Amino acid sequence: MKTIDKIYINGEFVTPNGTEYFDLISPTTNEKLGKVRLGNTEDTQNAIEAAKNAFKTFSKTTNLERIEYLKNIKSSVEKRKDDFINIMTEEYGGTFQFASVSYDYMLKSFDSAINLLNSYSFIKTMGESEVQMTPIGVVGIIIPWNSSNGFICSKLSTAIAAGCTTVIKPSEMSAQQTQLILECLHEANLPKGVFNIVNGLGEIVGAEISRNPNIAKISFTGSTNVGKIIAKEAVNTMKRVTLELGGKSPNIILDDADFSKAIPLAIGAAFMNSGQACIAGTRLLIPENKLNEVKALIKETIPNFIVGDPKNPNTAVGPMVSEKQFNRVQDYIQTGINEGAEILSGGLGKPEGLENGNFVKPTVFINVNNQMRIAREEIFGPVLSVITYKTEEEAIEIANDTTYGLQAYVSSSDSKRAHNIASQINAGRVQINGIGHDPMAPFGGFKQSGIGREFGTIGLEAYLEPRALIQPK
Ligand code: NAP
Ligand code: MG
């Protein structure tokens, strides 16, 4: 049993003023792992004050100094690889496979921030003027549980590259993971107040960050509903917002694709991070005349996606993070059945032998039409909807008939054809014949998948405010 009773303000682990505790429950066994003491409004204000003071000097640091800080954090994180992977599997139920990828992603975010500092010009000439790209101020970072330390590393490293200071509110469910990254950040010896982390509830700590006039910008990842609440509050003080919200990503398999490769890839895209991924490819669009072939391939592939103990390296799908999330996924499977979709694989209930944890059966629905709720709403679990199309035009139409637009996938043996289709899909990223992450390319959503972009120069500029110096001749 672990008790986490410190938050981090102004370079120190401190006891929060908040006195409430939140239980940390194992997603794999539903046993209590520990508890975390939650910060309150006052704690959040103290963290913001520390970040505000630190900004005065940190905003003036040179690129070389920032690169040094980023290297220091990276080397602290490098020393704790096994700890990061273990705590993510234990506390969050992330599979060993996903936790390993997530760990690499954390390290790469420091490399790409360093890369940006080596290549980006903070002073530009536009027209006849000098334009200075200046750090925006204190950034509030509000993140969910599905890749907690990955989000902390990517958002914090961009903030540091920009010369901004931060107040971070992770999900309280990630408290042990937060404690570990905090130990690394503390060891990296950054100036006091550059990063502050407050464990606490969204409606308290998150709400204060959204409201407080000393926060200049919010970088949020999470649900579309909470993103809207934050954006509405933020506008009162004209905070800039970057919102990474939900998705219902289409995966178009063209008739000339190699189905024996494309279908396993599609299942992988749907069930990544146990389905708890905003970029999961949850709508599989296939040519109508290939349905039987696809059904057979899905049946053949599904047993390779082993459900079970997330610590087992062979496990592809672990438990849902919480009982609440388990129930949400069950409700959606029931909704799919009620809507008249047909279960090809999986279904309601827990897999045999896994009754103690929040495990669901990876589920594939066929006979889905794009108007059903299971095709329109983000489920955030391993549930895939197969939708058929007659023509390429119809495939594009279905792909774009969604309120979301975060990511999409296209498979074809003809790369020119795939490129042409990809160029017509309204999504921030389109993956062609595979799944990759380019940390120098923008990531973010069209439509209700969010506002703004992260990564690369576009991501960096979201933490900068341009100042034009005009000297009429
Ligand atoms: P969420 O409610 O959007 O939470 C994300 C973060 O926002 C958490 O730190 C949360 O704190 C905080 N928050 C909640 N209410 C807030 C408020 N009024 N003001 C400021 N911050 C607030 O997501 P969730 O409850 O963890 O998951 C619910 C659903 O969101 C999932 O089922 C999934 O569909 C979606 N989701 C999407 C993503 C994504 O990457 N796009 C990630 C996670 C979840 P608390 O933890 O204290 O609530
Ligand atoms: Mg919540």
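Residue numbers count from 1 along this sequence. All ligand and atom numbering here is 1-based and tracks the order in the structure. What's counted below: heavy atoms across the whole structure, side chains too, no hydrogens, waters or symmetry copies. What you are looking at is a predicted structure, and each value in this text was computed from that prediction instead of being measured.
When all heavy atoms of T89 and A99 are compared, the pair lying nearest together is CG2-CB, 4.2 Å. Looking at every heavy atom in both residues, A266 comes nearest to N251 through CB-ND2, 3.4 Å.
Ligand 1 places these atoms under 4.0 Å from at least one heavy atom of R328: 32 (O), 34 (O). Atoms of ligand 1 found under 4.0 Å from any heavy atom of E203 (numbered from 1 in listed order, with element): 15 (N). When each atom of ligand 1 is checked for a heavy atom of L201 under 4.0 Å away, the hits are 47 (O). Remark: ligand 1 atoms within the under-4.0 Å shell around heavy atoms of L245 are 41 (N). Interface atoms of ligand 1 facing A207, defined by a heavy-atom separation under 4.0 Å, are 19 (N), 20 (C). Heavy-atom contacts of N146 reach the following atoms of ligand 1: 40 (O), 42 (C), 43 (C) (cutoff under 4.0 Å). Residue W145 has at least one heavy-atom neighbour below 4.0 Å for each of these atoms of ligand 1: 24 (P), 26 (O), 27 (O). Counting atoms of ligand 1 from 1 in the listed order, those under 4.0 Å from a heavy atom of Q325 are 32 (O).
By the 30° and 60° cut-offs, the orientation of the rings of Y8 relative to F195 is parallel. Ring orientation note: the planes of Y92 and W145 are tilted relative to one another, at an angle of 30° to 60°.
Atom NZ of K35 is separated from atom CG of D5 by 8.5 Å, given to the nearest 0.5 angstrom. One finds the CD atom of E339 at 9.5 Å from the OH atom of Y332 (value rounded to the nearest 0.5 Å). Atom CD1 of residue I387 and atom CG of residue L285 lie 5.0 Å apart, to the nearest 0.5 angstrom.
Of all the listed residues (I143, L38, I218, I279), I143 holds the heavy atom that lies closest to atom 9 (O) of ligand 1. Compare I168, V321, V226, N199 by their heavy atoms: the one nearest to atom 2 (O) of ligand 1 is in V226. The residue among F22, F380, Y404 with a heavy atom at the shortest distance from atom 37 (C) of ligand 1 is F380. Here atom 18 (N) of ligand 1 lies nearest to I229 when heavy atoms of V205, L406, I229, V329 are compared.
Ion pairing between E465 and R240 holds under the 4.0 Å rule for side-chain N and carboxylate O. By the 4.0 Å N-to-carboxylate-O rule, K32 lies close enough to D23 to be salt-bridged with it.
Residue pairs that meet the side-chain hydrogen bond (donor to acceptor under 3.5 Å, both in side chains) test with at least one member in residues 452-463, sequence neighbours left out, are Y120-E461, K155-E454.
Not one N or O of C278 is nearer than 3.5 Å to an N or O of ligand 1, by distance alone. Between K324 and ligand 1, no N or O atom pair is found at a separation short of 3.5 Å. Of the N or O atoms in S210, none lie within a sub-3.5 Å distance of an N or O in ligand 1. At under 3.5 Å, a nitrogen or oxygen of G202, whether backbone or side chain, sits near a nitrogen or oxygen of ligand 1. Remark: ligand 1 and F220 share no N or O pair separated by less than 3.5 Å (distance only, no angle test).
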Side-chain donor/acceptor pairs under 3.5 Å, residues 342-350, sequence neighbours excluded:
| unit_1 | atom_1 | unit_2 | atom_2 | d |
| --- | --- | --- | --- | --- |
| E342 | OE1 | N367 | ND2 | 3.0 |
| K350 | NZ | E355 | O | 3.0 |
| K350 | NZ | G357 | O | 2.9 |

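Neither the backbone nor the side chain of N225 comes within contact range of ligand 1; no heavy atom lies under 4.0 Å.
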